[in-house]
> 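Below is a structure I'd like to ask you about.
Being a predicted model, the structure only gives us computed values, none of them experimental.
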There are 2 protein chains.
Amino acid sequence: MSKALNGRGQLRDETRARVQAVAHELGFVPSAVAASLLTGRTYTVGLIMTDHHGRFSLPVLHGAEDALGWGETLALVCDTRDDPIREQHYVRSLIRRRVDGIIVAGRRTDPRPPLGGRPPVPVVYAFARSSDAADCSVVVNEEAGAREAVEHLIRTGRRRIAHVTGPRGHASVRTRVDGTRHALHEAGLELVGEPWYGGWSEVWGRFAAAALTRSHPDVDAVFCGSDAIARGVADGLRECGRRVPDDVALVGVDNWQPTAEGCRPPLTSVDLNLQEVGRTAGALLLRAIEYGAAPGIHTVPCRLVVRASSAPASG
Amino acid sequence: MSKALNGRGQLRDETRARVQAVAHELGFVPSAVAASLLTGRTYTVGLIMTDHHGRFSLPVLHGAEDALGWGETLALVCDTRDDPIREQHYVRSLIRRRVDGIIVAGRRTDPRPPLGGRPPVPVVYAFARSSDAADCSVVVNEEAGAREAVEHLIRTGRRRIAHVTGPRGHASVRTRVDGTRHALHEAGLELVGEPWYGGWSEVWGRFAAAALTRSHPDVDAVFCGSDAIARGVADGLRECGRRVPDDVALVGVDNWQPTAEGCRPPLTSVDLNLQEVGRTAGALLLRAIEYGAAPGIHTVPCRLVVRASSAPASG
DNA sequence: GTCCCGGATGTGATCGCTAACATCGAGAGT
DNA sequence: ACTCTCGATGTTAGCGATCACATCCGGGAC
């Protein structure tokens, strides 16, 4: 019977067909539970996510689903709401369920402490790497992303480039500042003023735009640490009488559709390729499950999505 | 042993403690797989979602997680990307895995065809009800939400109220128009002009605001079909020289933080209570699993979140 | 006619746990 | 003192698959 349904043993085609027909007739569906008990594989992985807006975790989940083969392997999704107790709880629950592996999707790119509870299965950290270098992590190459954004601005004729970004404490913020400086330096340019550290919000973007216009009226481009900031900057600049992109070009980060396309003008943005992060994490996890762990930090490139906000200067 | 760890059989406390201690020492974790095989319950449910931004599904997932008791019962998440083939595939996969039940989270409120494949387990539809009335669905009371929004506007002194909303084809759009008309009628008022049907985007909101200002310059409030539209309307009105909320009050729908709080001024919005929808769906599913199905359409109320955009008229 | 061979089919042990049943032992009732 | 009972502990079948092995059968070779 198992032979007929899985096509494993050797038996006549006709027999196989008959068994399958009867099975279908009876609505019989073999139990994956019983198979798991014997083989030790559940074809199920845990996906631990820590952000409940899902702005980062969801694309990761989708990528992972792709890699896990649409239902071949399914994901048990656990939202920890950033609570270590809950995380611990979920990990135990996953272990009890004998998942084949675990993906941990972060919310910030700062390294996070590895999963507690000594999971006896492979773990892959996605987006936020584990602070233990012996773990397997998949991260976005944010520095290259920032560099690409700035190079794009330079290529389209901008020279006086400022950087308005999020809170100093975030690893992403520092990395993006480094990338920005690097790209400018390579082109023989300097950042206009210091980086403007603030929040991730539009309000901060508007405020920064006003201040920036006062202190550096000659700025002709702003690279922003997020789409929300960029959108605030766009509105702020417009209200100060600067035209985007004619007077000032803008590039954001996240390529978050609602913000990037609602912005006036639509926003050029660095896409963090989170789906690809998820896909890579899923693929690495599968490989780790079958052939053993592949520790290290795996990097996925960003992708610059060009829209109207960074059109070449009219002059 | 099973008795000691689950505290089920009757045995001396000391024995129980000793067994537990040794088990912990050895890092022994009992296998839920084996238990499921025997008891027939996996303490796992399927969550089928159809929107991959997750703007609707994710809150539903969180609510469901609450109801399912943080790890007591976990959810296998499947994103169908609105593809019936993939949905079918996932359902089969869930059945093979012997999930205890399935939650189907929609993306639009229009009734959807019930799940194919005759799942032998309870199914609860969340947000989008099943078109089969014999199924169990949890939906938001959008009409009451619209009514509440309009009543709020009336209570704060508005009389000339217009409605800018999404595409005519959507059930939500029709329901919200009905709620709006109903509330106005009860107060002895009439909608200013016809409802403005369009898209869900900011662009449409901006366009509609300009047109509305031209055709009905005396409008003192706009109830919008979504936060994105409302935000567009806010920008459009401002550019036509109307002040929000002094001249025109605004209310949106979705209470989607980034949009509602990024808006100038911050947006009063009807919260669809999706988390509560998820919680109810989870609770109903558990009840259905243990005591049999509770068919019918269960309704969850909306919640009006008041922000600056609907402050009473200054005059 | 007998033997052997290979493909087709049947059989049973096993995965890890639970629940029902068997057993055991000590204190109480007669 | 003997049984009776009840609470504590030990034993075992079986959940539903898989896989290795046993069996079976027909045909070809000798």
> Would you check if A:Val277 and A:Val139 make a side-chain contact, meaning some heavy-atom pair closer than 4.5 Å?
no
> Rounded to the nearest Å, what distance is computed from the OH atom of residue B:Tyr43 to the P atom of nucleotide C:dT18?
11 Å
> For A:Asn141 and A:Thr299, test the side chains for any donor-to-acceptor distance below 3.5 angstrom and give the result as yes or no.
no
> Ignoring hydrogens and geometry, is there a side-chain-to-backbone donor-acceptor pair from A:Arg108 to A:Phe127 under 3.5 Å?
no
> Any side-chain hydrogen bond (donor to acceptor under 3.5 Å, both in side chains) pairs touching residues 111-126 of chain B, not counting sequence neighbours?
B:Glu87-B:Arg112
> What is the distance, rounded to the nearest whole Å, between atom CZ of A:Arg41 and atom C1' of D:dT18?
16 Å
> Please enumerate all residues that pass side-chain hydrogen bond (donor to acceptor under 3.5 Å, both in side chains) together with A:Arg303, with sequence neighbours excluded.
A:Asp271
> At a cut-off of 3.5 Å, list every protein nitrogen or oxygen paired with a nitrogen or oxygen from nucleotides 12-16 of chain C, distance to 0.1 Å.
{"residue": "C:dG16", "atom": "N2", "partner": "B:Ala34", "partner atom": "O", "Å": "3.4"}

